[in-house]
Protein chains: 2
Amino acid sequence: MREGPDIARIASLVGDPARANMLNALMGGTALTASELALEAGVSLPTASSHLSKLMEGGLLTVASQGRHRYYGLAGPQVAGMIEAITGVAEAVGPKRVRPGPRDGAMRVARVCYDHLAGEQAVAMLDRLVDRKLLLRDDNEIRLAPSATEHFAAIGINVAAKARRPVCRACLDWSVRRSHLAGTLGAAILDKIIAEKWARREKDSRAVVFSPPGKLAFERVFLG
Amino acid sequence: MREGPDIARIASLVGDPARANMLNALMGGTALTASELALEAGVSLPTASSHLSKLMEGGLLTVASQGRHRYYGLAGPQVAGMIEAITGVAEAVGPKRVRPGPRDGAMRVARVCYDHLAGEQAVAMLDRLVDRKLLLRDDNEIRLAPSATEHFAAIGINVAAKARRPVCRACLDWSVRRSHLAGTLGAAILDKIIAEKWARREKDSRAVVFSPPGKLAFERVFLG
DNA sequence: AGAATGCTTCGATGGAGGCCGAACTATGCG
DNA sequence: CGCATAGTTCGGCCTCCATCGAAGCATTCT
(Lines give C-alpha, C1' and ligand atoms only; values in the text may rest on other atoms or scores of the structure.)
Protein backbone atom coordinates (compact mmCIF):
# COMPACT_ATOMS: atom_id res chain seq x y z
CA MET A 1 0.00 0.00 0.00
CA ARG A 2 1.93 2.97 -1.20
CA GLU A 3 1.35 6.56 -0.27
CA GLY A 4 0.95 9.36 -2.72
CA PRO A 5 -1.03 12.51 -3.19
CA ASP A 6 -4.59 11.82 -2.20
CA ILE A 7 -5.99 11.07 -5.61
CA ALA A 8 -9.02 9.21 -4.25
CA ARG A 9 -10.10 12.27 -2.35
CA ILE A 10 -10.07 14.43 -5.45
CA ALA A 11 -11.64 11.82 -7.68
CA SER A 12 -14.45 11.10 -5.25
CA LEU A 13 -15.29 14.79 -5.25
CA VAL A 14 -15.84 14.57 -8.97
CA GLY A 15 -17.42 11.16 -8.59
CA ASP A 16 -20.77 12.32 -7.34
CA PRO A 17 -23.29 13.02 -10.12
CA ALA A 18 -24.50 16.27 -8.63
CA ARG A 19 -21.00 17.61 -8.17
CA ALA A 20 -19.95 16.38 -11.59
CA ASN A 21 -22.81 18.32 -13.14
CA MET A 22 -21.77 21.42 -11.27
CA LEU A 23 -18.17 21.13 -12.38
CA ASN A 24 -19.30 20.50 -15.91
CA ALA A 25 -21.40 23.63 -15.82
CA LEU A 26 -18.46 25.61 -14.50
CA MET A 27 -16.34 24.36 -17.38
CA GLY A 28 -18.28 26.96 -19.32
CA GLY A 29 -15.95 29.43 -17.63
CA THR A 30 -18.48 31.83 -16.22
CA ALA A 31 -18.83 31.77 -12.45
CA LEU A 32 -22.26 30.75 -11.24
CA THR A 33 -24.26 31.29 -8.08
CA ALA A 34 -25.21 28.52 -5.70
CA SER A 35 -28.82 28.61 -6.89
CA GLU A 36 -27.87 28.31 -10.53
CA LEU A 37 -25.63 25.39 -9.71
CA ALA A 38 -28.36 23.71 -7.70
CA LEU A 39 -30.62 23.96 -10.73
CA GLU A 40 -27.86 22.70 -12.96
CA ALA A 41 -27.22 19.71 -10.75
CA GLY A 42 -30.86 18.95 -10.21
CA VAL A 43 -30.72 19.09 -6.42
CA SER A 44 -32.19 21.30 -3.75
CA LEU A 45 -30.41 24.39 -2.57
CA PRO A 46 -29.26 22.97 0.77
CA THR A 47 -27.85 19.92 -0.95
CA ALA A 48 -26.05 22.08 -3.46
CA SER A 49 -24.63 24.20 -0.71
CA SER A 50 -23.27 21.15 1.00
CA HIS A 51 -21.66 19.97 -2.22
CA LEU A 52 -20.17 23.36 -2.85
CA SER A 53 -18.55 23.52 0.54
CA LYS A 54 -17.04 20.11 -0.09
CA LEU A 55 -15.67 21.19 -3.43
CA MET A 56 -14.28 24.32 -1.79
CA GLU A 57 -12.63 22.34 0.95
CA GLY A 58 -11.14 20.08 -1.67
CA GLY A 59 -9.64 23.10 -3.39
CA LEU A 60 -11.45 22.60 -6.66
CA LEU A 61 -13.45 25.80 -6.52
CA THR A 62 -13.01 29.45 -5.70
CA VAL A 63 -15.73 31.79 -4.60
CA ALA A 64 -16.27 35.51 -4.93
CA SER A 65 -18.88 37.21 -2.82
CA GLN A 66 -20.73 40.04 -4.50
CA GLY A 67 -23.49 41.50 -2.43
CA ARG A 68 -25.81 38.73 -1.51
CA HIS A 69 -24.58 36.53 -4.31
CA ARG A 70 -21.73 34.11 -4.09
CA TYR A 71 -20.16 33.31 -7.43
CA TYR A 72 -18.45 29.95 -7.64
CA GLY A 73 -15.85 29.18 -10.26
CA LEU A 74 -13.24 26.54 -11.02
CA ALA A 75 -10.11 26.98 -8.94
CA GLY A 76 -7.87 27.13 -11.99
CA PRO A 77 -6.78 25.77 -15.33
CA GLN A 78 -5.27 22.68 -13.82
CA VAL A 79 -8.64 21.65 -12.44
CA ALA A 80 -10.21 22.32 -15.82
CA GLY A 81 -7.54 20.19 -17.42
CA MET A 82 -8.26 17.32 -15.09
CA ILE A 83 -11.94 17.44 -15.90
CA GLU A 84 -11.18 17.43 -19.60
CA ALA A 85 -9.01 14.36 -19.08
CA ILE A 86 -11.76 12.53 -17.22
CA THR A 87 -14.24 13.56 -19.89
CA GLY A 88 -11.94 12.11 -22.51
CA VAL A 89 -11.89 8.71 -20.84
CA ALA A 90 -15.62 8.72 -20.19
CA GLU A 91 -16.16 9.56 -23.83
CA ALA A 92 -13.84 6.84 -25.04
CA VAL A 93 -15.16 4.21 -22.70
CA GLY A 94 -18.85 5.02 -22.80
CA PRO A 95 -20.38 2.69 -25.38
CA LYS A 96 -23.59 4.68 -24.99
CA ARG A 97 -23.51 7.21 -27.74
CA VAL A 98 -23.51 5.22 -30.96
CA ARG A 99 -24.47 8.35 -32.80
CA PRO A 100 -22.61 11.53 -31.91
CA GLY A 101 -25.58 13.80 -32.48
CA PRO A 102 -25.55 17.33 -33.87
CA ARG A 103 -24.93 19.15 -30.63
CA ASP A 104 -21.98 16.92 -30.02
CA GLY A 105 -20.68 17.86 -33.45
CA ALA A 106 -20.93 21.53 -32.60
CA MET A 107 -18.98 20.88 -29.40
CA ARG A 108 -16.24 19.29 -31.42
CA VAL A 109 -15.91 22.27 -33.73
CA ALA A 110 -15.84 24.99 -31.11
CA ARG A 111 -16.66 25.22 -27.45
CA VAL A 112 -15.73 27.10 -24.34
CA CYS A 113 -13.04 25.57 -22.15
CA TYR A 114 -12.91 27.34 -18.81
CA ASP A 115 -12.46 30.82 -20.24
CA HIS A 116 -11.06 30.32 -23.71
CA LEU A 117 -11.96 28.67 -27.00
CA ALA A 118 -11.49 24.94 -27.54
CA GLY A 119 -12.25 22.52 -30.36
CA GLU A 120 -11.08 22.17 -33.92
CA GLN A 121 -11.24 25.88 -34.60
CA ALA A 122 -9.13 26.64 -31.55
CA VAL A 123 -6.54 24.02 -32.37
CA ALA A 124 -6.27 25.34 -35.91
CA MET A 125 -5.89 28.85 -34.57
CA LEU A 126 -2.99 27.98 -32.30
CA ASP A 127 -1.26 26.14 -35.14
CA ARG A 128 -1.65 29.15 -37.38
CA LEU A 129 -0.42 31.66 -34.80
CA VAL A 130 2.68 29.59 -34.29
CA ASP A 131 3.17 29.26 -38.06
CA ARG A 132 2.94 33.00 -38.43
CA LYS A 133 5.53 33.31 -35.68
CA LEU A 134 3.33 35.48 -33.54
CA LEU A 135 3.69 32.91 -30.81
CA LEU A 136 6.83 31.00 -30.00
CA ARG A 137 6.10 27.51 -28.89
CA ASP A 138 8.36 25.23 -26.97
CA ASP A 139 6.30 22.28 -25.87
CA ASN A 140 3.78 23.48 -23.33
CA GLU A 141 5.52 26.78 -22.91
CA ILE A 142 4.16 29.40 -25.23
CA ARG A 143 5.62 32.90 -25.37
CA LEU A 144 4.68 35.98 -27.25
CA ALA A 145 6.93 36.87 -30.13
CA PRO A 146 8.32 40.42 -29.95
CA SER A 147 6.06 41.56 -32.74
CA ALA A 148 2.96 40.01 -31.21
CA THR A 149 2.01 42.65 -28.66
CA GLU A 150 1.77 45.22 -31.39
CA HIS A 151 -0.05 42.86 -33.73
CA PHE A 152 -2.72 41.95 -31.22
CA ALA A 153 -3.10 45.57 -30.15
CA ALA A 154 -3.91 46.39 -33.76
CA ILE A 155 -6.84 43.98 -33.72
CA GLY A 156 -7.94 45.40 -30.42
CA ILE A 157 -6.53 42.87 -28.03
CA ASN A 158 -4.47 44.10 -25.15
CA VAL A 159 -2.01 41.53 -23.94
CA ALA A 160 -0.70 43.31 -20.87
CA ALA A 161 0.60 40.66 -18.50
CA LYS A 162 -1.61 40.41 -15.48
CA ALA A 163 -0.12 39.26 -12.24
CA ARG A 164 0.01 35.57 -11.45
CA ARG A 165 -1.61 34.31 -14.62
CA PRO A 166 0.42 33.53 -17.72
CA VAL A 167 -0.43 35.25 -20.97
CA CYS A 168 -0.18 32.06 -22.96
CA ARG A 169 -0.60 28.45 -22.04
CA ALA A 170 -1.18 25.24 -23.92
CA CYS A 171 -4.32 23.37 -22.96
CA LEU A 172 -5.06 19.85 -24.12
CA ASP A 173 -8.20 19.44 -26.18
CA TRP A 174 -10.13 16.27 -25.48
CA SER A 175 -11.93 16.10 -28.79
CA VAL A 176 -8.94 16.69 -31.04
CA ARG A 177 -6.20 15.44 -28.70
CA ARG A 178 -4.03 18.39 -29.60
CA SER A 179 -3.42 21.63 -27.75
CA HIS A 180 -5.19 24.93 -28.02
CA LEU A 181 -4.38 28.33 -26.59
CA ALA A 182 -5.26 29.15 -22.99
CA GLY A 183 -4.03 31.93 -20.69
CA THR A 184 -5.05 35.57 -20.70
CA LEU A 185 -4.51 35.80 -24.44
CA GLY A 186 -6.77 32.82 -25.05
CA ALA A 187 -9.37 34.39 -22.82
CA ALA A 188 -9.08 37.76 -24.55
CA ILE A 189 -9.56 36.17 -27.95
CA LEU A 190 -12.70 34.41 -26.84
CA ASP A 191 -13.95 37.70 -25.42
CA LYS A 192 -13.38 39.34 -28.77
CA ILE A 193 -15.19 36.59 -30.66
CA ILE A 194 -18.23 37.06 -28.47
CA ALA A 195 -18.00 40.85 -28.37
CA GLU A 196 -17.80 41.08 -32.14
CA LYS A 197 -20.77 38.72 -32.32
CA TRP A 198 -18.85 36.40 -34.61
CA ALA A 199 -20.32 33.57 -32.59
CA ARG A 200 -22.78 33.03 -29.81
CA ARG A 201 -22.76 30.66 -26.91
CA GLU A 202 -25.31 27.92 -27.17
CA LYS A 203 -27.78 28.16 -24.30
CA ASP A 204 -27.03 25.66 -21.53
CA SER A 205 -24.08 24.17 -23.33
CA ARG A 206 -20.41 24.77 -23.83
CA ALA A 207 -20.87 24.82 -27.60
CA VAL A 208 -19.93 27.96 -29.50
CA VAL A 209 -21.59 28.43 -32.88
CA PHE A 210 -20.19 30.81 -35.44
CA SER A 211 -22.46 32.72 -37.77
CA PRO A 212 -21.39 32.36 -41.42
CA PRO A 213 -20.03 35.91 -41.69
CA GLY A 214 -18.58 35.62 -38.21
CA LYS A 215 -16.71 32.52 -39.21
CA LEU A 216 -15.21 34.32 -42.18
CA ALA A 217 -14.18 37.26 -40.04
CA PHE A 218 -12.59 34.97 -37.48
CA GLU A 219 -10.69 33.09 -40.12
CA ARG A 220 -9.51 36.28 -41.75
CA VAL A 221 -8.15 37.67 -38.50
CA PHE A 222 -6.79 34.57 -36.82
CA LEU A 223 -6.30 31.98 -39.52
CA GLY A 224 -5.38 34.37 -42.34
CA MET B 1 -28.92 19.71 -15.83
CA ARG B 2 -26.97 18.99 -18.95
CA GLU B 3 -26.02 15.64 -20.31
CA GLY B 4 -22.53 14.68 -21.22
CA PRO B 5 -20.30 11.67 -21.12
CA ASP B 6 -20.68 10.05 -17.74
CA ILE B 7 -17.77 11.65 -15.99
CA ALA B 8 -19.13 10.96 -12.51
CA ARG B 9 -19.14 7.25 -13.23
CA ILE B 10 -15.48 7.24 -14.17
CA ALA B 11 -14.42 9.57 -11.39
CA SER B 12 -16.23 7.59 -8.73
CA LEU B 13 -14.38 4.50 -9.85
CA VAL B 14 -11.14 6.30 -9.08
CA GLY B 15 -12.70 7.87 -6.00
CA ASP B 16 -12.50 4.85 -3.77
CA PRO B 17 -9.22 4.59 -1.82
CA ALA B 18 -8.77 0.90 -2.48
CA ARG B 19 -9.32 1.29 -6.21
CA ALA B 20 -7.16 4.40 -6.32
CA ASN B 21 -4.31 2.46 -4.76
CA MET B 22 -4.74 -0.28 -7.32
CA LEU B 23 -4.69 2.14 -10.21
CA ASN B 24 -1.69 3.85 -8.76
CA ALA B 25 0.12 0.57 -8.52
CA LEU B 26 -0.77 -0.21 -12.12
CA MET B 27 0.68 3.13 -13.19
CA GLY B 28 3.96 1.31 -12.76
CA GLY B 29 3.09 -0.27 -16.09
CA THR B 30 3.54 -3.89 -15.16
CA ALA B 31 0.36 -5.90 -15.00
CA LEU B 32 -0.38 -7.34 -11.58
CA THR B 33 -2.40 -10.24 -10.26
CA ALA B 34 -5.49 -9.87 -8.13
CA SER B 35 -3.61 -10.96 -5.02
CA GLU B 36 -0.85 -8.45 -5.53
CA LEU B 37 -3.39 -5.72 -6.04
CA ALA B 38 -5.27 -6.75 -2.91
CA LEU B 39 -2.07 -6.40 -0.95
CA GLU B 40 -1.32 -3.10 -2.61
CA ALA B 41 -4.74 -1.75 -1.76
CA GLY B 42 -4.75 -3.13 1.74
CA VAL B 43 -7.99 -5.08 1.40
CA SER B 44 -8.95 -8.72 1.44
CA LEU B 45 -8.94 -10.77 -1.71
CA PRO B 46 -12.72 -10.91 -2.14
CA THR B 47 -12.95 -7.16 -1.76
CA ALA B 48 -10.21 -6.64 -4.28
CA SER B 49 -11.89 -8.97 -6.71
CA SER B 50 -15.09 -6.98 -6.45
CA HIS B 51 -13.21 -3.74 -7.10
CA LEU B 52 -11.44 -5.24 -10.06
CA SER B 53 -14.64 -6.33 -11.71
CA LYS B 54 -16.00 -2.83 -11.27
CA LEU B 55 -12.94 -1.31 -12.84
CA MET B 56 -13.23 -3.78 -15.68
CA GLU B 57 -16.86 -2.97 -16.23
CA GLY B 58 -15.95 0.71 -16.25
CA GLY B 59 -13.42 0.05 -18.99
CA LEU B 60 -10.41 1.25 -17.04
CA LEU B 61 -8.67 -2.09 -16.92
CA THR B 62 -7.80 -4.99 -19.16
CA VAL B 63 -7.08 -8.49 -18.04
CA ALA B 64 -5.02 -11.31 -19.41
CA SER B 65 -5.46 -14.83 -18.11
CA GLN B 66 -2.32 -16.89 -17.89
CA GLY B 67 -2.75 -20.24 -16.33
CA ARG B 68 -4.28 -19.78 -12.96
CA HIS B 69 -3.16 -16.16 -12.79
CA ARG B 70 -5.08 -13.21 -14.02
CA TYR B 71 -2.96 -10.21 -14.85
CA TYR B 72 -4.69 -6.84 -14.63
CA GLY B 73 -3.36 -3.78 -16.37
CA LEU B 74 -4.47 -0.26 -17.26
CA ALA B 75 -6.75 -0.21 -20.28
CA GLY B 76 -4.57 2.25 -22.15
CA PRO B 77 -2.53 5.44 -22.25
CA GLN B 78 -5.58 7.62 -22.04
CA VAL B 79 -6.50 6.14 -18.70
CA ALA B 80 -2.93 6.64 -17.52
CA GLY B 81 -3.10 10.25 -18.66
CA MET B 82 -6.27 10.83 -16.71
CA ILE B 83 -4.72 9.46 -13.55
CA GLU B 84 -1.71 11.69 -14.02
CA ALA B 85 -4.02 14.66 -14.37
CA ILE B 86 -5.86 13.81 -11.17
CA THR B 87 -2.55 13.25 -9.43
CA GLY B 88 -1.46 16.69 -10.54
CA VAL B 89 -4.47 18.34 -8.97
CA ALA B 90 -4.19 16.32 -5.78
CA GLU B 91 -0.55 17.29 -5.56
CA ALA B 92 -1.25 20.97 -6.14
CA VAL B 93 -4.17 21.09 -3.77
CA GLY B 94 -2.91 18.88 -1.00
CA PRO B 95 -1.30 21.13 1.58
CA LYS B 96 -0.05 18.02 3.34
CA ARG B 97 3.47 17.54 2.18
CA VAL B 98 5.43 20.50 3.47
CA ARG B 99 8.62 18.65 2.75
CA PRO B 100 8.87 16.74 -0.53
CA GLY B 101 10.98 13.95 0.95
CA PRO B 102 13.76 12.06 -0.79
CA ARG B 103 11.64 9.41 -2.42
CA ASP B 104 9.48 12.11 -3.87
CA GLY B 105 12.60 13.71 -5.25
CA ALA B 106 13.54 10.48 -6.99
CA MET B 107 10.06 10.32 -8.51
CA ARG B 108 10.52 13.77 -9.90
CA VAL B 109 13.80 12.88 -11.58
CA ALA B 110 12.71 9.65 -13.20
CA ARG B 111 9.78 7.30 -12.81
CA VAL B 112 7.72 4.86 -14.78
CA CYS B 113 4.56 6.19 -16.41
CA TYR B 114 2.45 3.26 -17.60
CA ASP B 115 5.15 1.69 -19.73
CA HIS B 116 7.63 4.43 -20.47
CA LEU B 117 9.94 6.80 -18.65
CA ALA B 118 8.67 10.02 -17.09
CA GLY B 119 10.18 12.80 -15.01
CA GLU B 120 12.90 15.35 -15.61
CA GLN B 121 15.16 12.87 -17.37
CA ALA B 122 12.40 11.85 -19.75
CA VAL B 123 11.42 15.41 -20.55
CA ALA B 124 15.03 16.29 -21.24
CA MET B 125 15.36 13.25 -23.48
CA LEU B 126 12.39 14.18 -25.63
CA ASP B 127 13.69 17.73 -25.98
CA ARG B 128 17.04 16.44 -27.07
CA LEU B 129 15.65 13.92 -29.57
CA VAL B 130 13.64 16.68 -31.17
CA ASP B 131 16.66 18.99 -31.20
CA ARG B 132 18.70 16.33 -32.91
CA LYS B 133 15.91 16.03 -35.45
CA LEU B 134 15.45 12.33 -34.84
CA LEU B 135 11.87 13.06 -33.94
CA LEU B 136 9.64 15.56 -35.67
CA ARG B 137 7.29 17.20 -33.28
CA ASP B 138 4.12 19.00 -34.16
CA ASP B 139 2.27 19.63 -30.95
CA ASN B 140 1.14 16.31 -29.56
CA GLU B 141 1.88 14.51 -32.77
CA ILE B 142 5.36 13.12 -32.85
CA ARG B 143 6.72 11.35 -35.89
CA LEU B 144 9.92 9.55 -36.60
CA ALA B 145 12.35 11.40 -38.80
CA PRO B 146 13.47 9.37 -41.84
CA SER B 147 16.89 8.80 -40.33
CA ALA B 148 15.50 7.71 -37.00
CA THR B 149 14.66 4.08 -37.70
CA GLU B 150 18.21 3.41 -38.67
CA HIS B 151 19.59 5.40 -35.77
CA PHE B 152 17.55 3.56 -33.18
CA ALA B 153 18.30 0.23 -34.77
CA ALA B 154 22.00 1.02 -34.32
CA ILE B 155 21.50 1.33 -30.56
CA GLY B 156 19.47 -1.84 -30.55
CA ILE B 157 15.98 -0.49 -30.58
CA ASN B 158 13.57 -1.78 -33.14
CA VAL B 159 10.86 0.69 -33.98
CA ALA B 160 8.66 -1.46 -36.19
CA ALA B 161 5.17 -0.04 -36.07
CA LYS B 162 2.85 -2.37 -34.25
CA ALA B 163 -0.79 -2.36 -35.11
CA ARG B 164 -3.13 -0.03 -33.28
CA ARG B 165 -0.58 1.65 -31.11
CA PRO B 166 1.39 4.68 -32.25
CA VAL B 167 5.17 4.57 -32.22
CA CYS B 168 5.42 8.00 -30.67
CA ARG B 169 3.12 9.98 -28.48
CA ALA B 170 3.48 12.97 -26.22
CA CYS B 171 2.47 12.36 -22.64
CA LEU B 172 2.09 15.17 -20.13
CA ASP B 173 4.34 14.97 -17.13
CA TRP B 174 2.71 16.02 -13.87
CA SER B 175 5.89 16.89 -12.06
CA VAL B 176 7.50 18.98 -14.77
CA ARG B 177 4.35 20.06 -16.61
CA ARG B 178 5.99 19.39 -19.94
CA SER B 179 5.71 16.42 -22.24
CA HIS B 180 7.76 13.28 -22.41
CA LEU B 181 7.85 10.48 -24.94
CA ALA B 182 5.27 7.70 -24.84
CA GLY B 183 4.22 5.17 -27.47
CA THR B 184 6.04 2.01 -28.47
CA LEU B 185 9.31 3.91 -28.85
CA GLY B 186 8.99 5.30 -25.34
CA ALA B 187 8.29 1.83 -24.06
CA ALA B 188 11.22 0.34 -25.95
CA ILE B 189 13.59 2.93 -24.54
CA LEU B 190 12.51 2.16 -21.00
CA ASP B 191 12.98 -1.50 -21.72
CA LYS B 192 16.51 -0.82 -22.86
CA ILE B 193 17.29 1.25 -19.77
CA ILE B 194 16.26 -1.61 -17.55
CA ALA B 195 17.79 -4.33 -19.72
CA GLU B 196 21.15 -2.55 -19.80
CA LYS B 197 20.88 -2.15 -16.02
CA TRP B 198 21.44 1.58 -16.34
CA ALA B 199 18.74 1.96 -13.74
CA ARG B 200 16.61 -0.18 -11.51
CA ARG B 201 13.02 0.15 -10.47
CA GLU B 202 12.57 1.09 -6.85
CA LYS B 203 10.72 -1.64 -5.02
CA ASP B 204 7.03 -0.81 -4.53
CA SER B 205 7.31 2.56 -6.19
CA ARG B 206 7.24 4.08 -9.61
CA ALA B 207 10.62 5.66 -9.01
CA VAL B 208 13.47 4.74 -11.33
CA VAL B 209 16.96 5.25 -9.96
CA PHE B 210 19.97 5.42 -12.24
CA SER B 211 23.32 4.07 -11.14
CA PRO B 212 26.11 6.62 -11.64
CA PRO B 213 27.65 4.80 -14.63
CA GLY B 214 24.16 4.02 -15.95
CA LYS B 215 23.27 7.67 -15.87
CA LEU B 216 26.36 8.52 -17.89
CA ALA B 217 25.59 5.82 -20.42
CA PHE B 218 22.01 6.99 -20.75
CA GLU B 219 23.08 10.56 -21.22
CA ARG B 220 25.66 9.61 -23.80
CA VAL B 221 23.16 7.65 -25.88
CA PHE B 222 20.03 9.75 -25.53
CA LEU B 223 21.13 13.18 -24.42
CA GLY B 224 24.45 13.27 -26.26
C1' DA C 1 -7.07 -38.79 -8.15
C1' DG C 2 -6.10 -35.63 -4.46
C1' DA C 3 -4.16 -31.55 -2.67
C1' DA C 4 -2.85 -26.84 -3.12
C1' DT C 5 -3.11 -22.37 -5.10
C1' DG C 6 -5.48 -18.33 -7.37
C1' DC C 7 -9.54 -16.17 -7.83
C1' DT C 8 -14.62 -15.32 -7.85
C1' DT C 9 -19.34 -15.42 -5.95
C1' DC C 10 -22.62 -15.16 -2.16
C1' DG C 11 -24.68 -13.32 1.97
C1' DA C 12 -24.68 -10.46 5.87
C1' DT C 13 -23.13 -6.34 8.20
C1' DG C 14 -22.08 -1.79 9.07
C1' DG C 15 -20.77 2.80 8.08
C1' DA C 16 -20.47 6.73 5.08
C1' DG C 17 -22.73 10.10 2.73
C1' DG C 18 -26.43 12.07 -0.29
C1' DC C 19 -30.84 14.04 0.24
C1' DC C 20 -34.45 17.15 1.84
C1' DG C 21 -37.38 20.23 5.01
C1' DA C 22 -37.08 23.47 8.46
C1' DA C 23 -34.84 26.76 10.92
C1' DC C 24 -31.22 30.29 10.92
C1' DT C 25 -28.03 34.18 9.08
C1' DA C 26 -26.98 37.75 5.88
C1' DT C 27 -27.65 41.15 2.47
C1' DG C 28 -30.53 44.25 -0.14
C1' DC C 29 -34.90 46.93 -0.93
C1' DG C 30 -38.72 49.98 -0.08
C1' DC D 1 -37.74 48.81 10.06
C1' DG D 2 -40.05 44.92 8.13
C1' DC D 3 -40.13 42.04 4.02
C1' DA D 4 -37.91 39.43 0.31
C1' DT D 5 -34.13 36.97 -1.60
C1' DA D 6 -29.63 34.27 -1.31
C1' DG D 7 -27.28 31.10 1.18
C1' DT D 8 -25.76 28.04 5.10
C1' DT D 9 -26.49 24.89 9.02
C1' DC D 10 -28.96 21.22 11.37
C1' DG D 11 -31.33 16.82 12.11
C1' DG D 12 -33.15 12.78 10.49
C1' DC D 13 -33.98 9.51 6.85
C1' DC D 14 -32.50 6.28 3.64
C1' DT D 15 -29.82 4.24 0.15
C1' DC D 16 -25.66 2.65 -1.53
C1' DC D 17 -21.57 0.26 -1.27
C1' DA D 18 -17.14 -1.26 0.84
C1' DT D 19 -15.94 -4.93 3.68
C1' DC D 20 -15.08 -9.68 5.12
C1' DG D 21 -15.85 -14.93 6.02
C1' DA D 22 -17.27 -18.92 3.96
C1' DA D 23 -18.13 -21.52 0.16
C1' DG D 24 -17.56 -22.50 -4.78
C1' DC D 25 -14.80 -22.93 -9.42
C1' DA D 26 -10.72 -23.41 -11.99
C1' DT D 27 -6.03 -24.60 -12.80
C1' DT D 28 -1.76 -26.70 -11.79
C1' DC D 29 1.33 -29.84 -9.30
C1' DT D 30 2.44 -34.39 -7.46
Side-chain angles (χ1 to χ4, degrees), chain A residues 1-3 6-26 30-75, chain B residues 1-2 6-26 30-75 90:
Chain A
M1 179 149 62
R2 70 196 65 186
E3 289 306 323
D6 199 349
I7 140 176
R9 192 172 113 80
I10 301 298
S12 72
L13 282 174
V14 189
D16 174 82
R19 285 192 293 259
N21 280 331
M22 291 177 172
L23 291 169
N24 232 323
L26 291 174
T30 53
L32 299 172
T33 66
S35 320
E36 289 169 318
L37 287 167
L39 192 67
E40 200 72 49
V43 294
S44 74
L45 224 167
T47 304
S49 182
S50 149
H51 284 309
L52 288 170
S53 62
K54 275 168 194 159
L55 288 170
M56 284 293 297
E57 197 183 357
L60 265 43
L61 258 42
T62 53
V63 68
S65 290
Q66 260 176 46
R68 57 178 164 183
H69 296 270
R70 310 197 68 189
Y71 286 94
Y72 288 91
L74 292 187
Chain B
M1 179 147 63
R2 72 198 62 190
D6 200 348
I7 139 177
R9 192 171 114 80
I10 301 299
S12 71
L13 282 175
V14 188
D16 174 84
R19 286 192 293 260
N21 279 332
M22 292 177 170
L23 291 170
N24 232 323
L26 291 173
T30 53
L32 299 172
T33 66
S35 321
E36 290 170 316
L37 287 167
L39 192 67
E40 200 72 49
V43 293
S44 75
L45 225 169
T47 305
S49 182
S50 151
H51 284 309
L52 288 170
S53 62
K54 275 168 196 164
L55 288 169
M56 284 293 297
E57 197 182 358
L60 298 187
L61 257 42
T62 54
V63 69
S65 290
Q66 260 177 44
R68 58 180 162 183
H69 296 269
R70 309 198 69 189
Y71 286 92
Y72 288 92
L74 292 187

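To find a chain, count down the sequence lines: A is the first, B the second, and so on, and within it residues start at 1. In this text the structure is predicted, and so the values were computed from the model without any measurement.
- Within the 4.5 Å cutoff, the side chain of His51(B) has heavy atoms near those of the Met22(B) side chain.
- You'll find that the side chain of Ala18(A) is closest to dC19(C), out of dC19(C), dC7(C), dT8(C).
- Between the CG atom of Leu13(A) and the CG atom of Leu61(A) there is a distance of 10.0 Å, given to the nearest 0.5 Å.
- One distance of note links CD of Glu57(A) with CG of Leu52(A); it measures 12.5 Å at 0.5 Å rounding.
- In this structure, the CD atom of Glu57(A) is 14 Å from the C1' atom of dG17(C), given to the nearest Å.
- Contact check of residues 47-56 of chain A against DNA chain C (heavy atom, cut-off under 4.0 Å) returns Thr47(A), His51(A), Lys54(A).
- Not a single donor-acceptor pair under 3.5 Å links the side chain of Ser12(A) to the backbone N or O of Gly15(A).
- Ser50(B) and Thr47(B) are not linked by any side-chain donor-acceptor pair at a separation below 3.5 angstrom, with hydrogens and angles left out of the test.
- Rounding to the nearest 0.5 Å gives a distance of 8.5 Å between CG of Leu74(B) and CG of Leu60(B).
- Residue Tyr72(B) is in sugar-phosphate contact alone, with no base atom involved, counting any heavy-atom pair closer than 4.0 Å across all strands shown.
- Where DNA chain D meets chain A (any atom under 4.0 Å from a heavy atom), the bounding nucleotides read 5' to 3' are dA4(D) to dT9(D).
- One can place CG of Asp16(B) at 11 Å from P of dG17(C), the figure rounded to the nearest angstrom.
- Distance Met22(B) CE to dC7(C) C1': 12 Å, rounded to the nearest Å.
- Remark: C1' of dC20(C) and CG of Leu45(A) are 12 Å apart, rounded to the nearest angstrom.
- If you take CE on Met56(B) and OG1 on Thr62(B), they are separated by 7.0 Å, rounding to the nearest 0.5 Å.
- Atoms NE2 (His69(B)) and P (dC7(C)) sit 6 Å apart, rounded to a whole Å.
- Taking atom CZ on Arg9(A) and atom P on dG17(C), their separation rounds to 12 Å, with Å as the unit.
- Summarising the geometry, atom CZ belonging to Arg70(A) is positioned 12.0 Å from atom OG belonging to Ser35(A); distances are rounded to the nearest 0.5 Å.
- Of the side-chain N and O atoms in Arg70(A), none sit less than 4.0 angstrom from OP1 or OP2 of dA26(C).
- Put simply, the side chain of Tyr72(B) reaches to within 4.5 Å of the side chain of Leu37(B), judged on heavy atoms.
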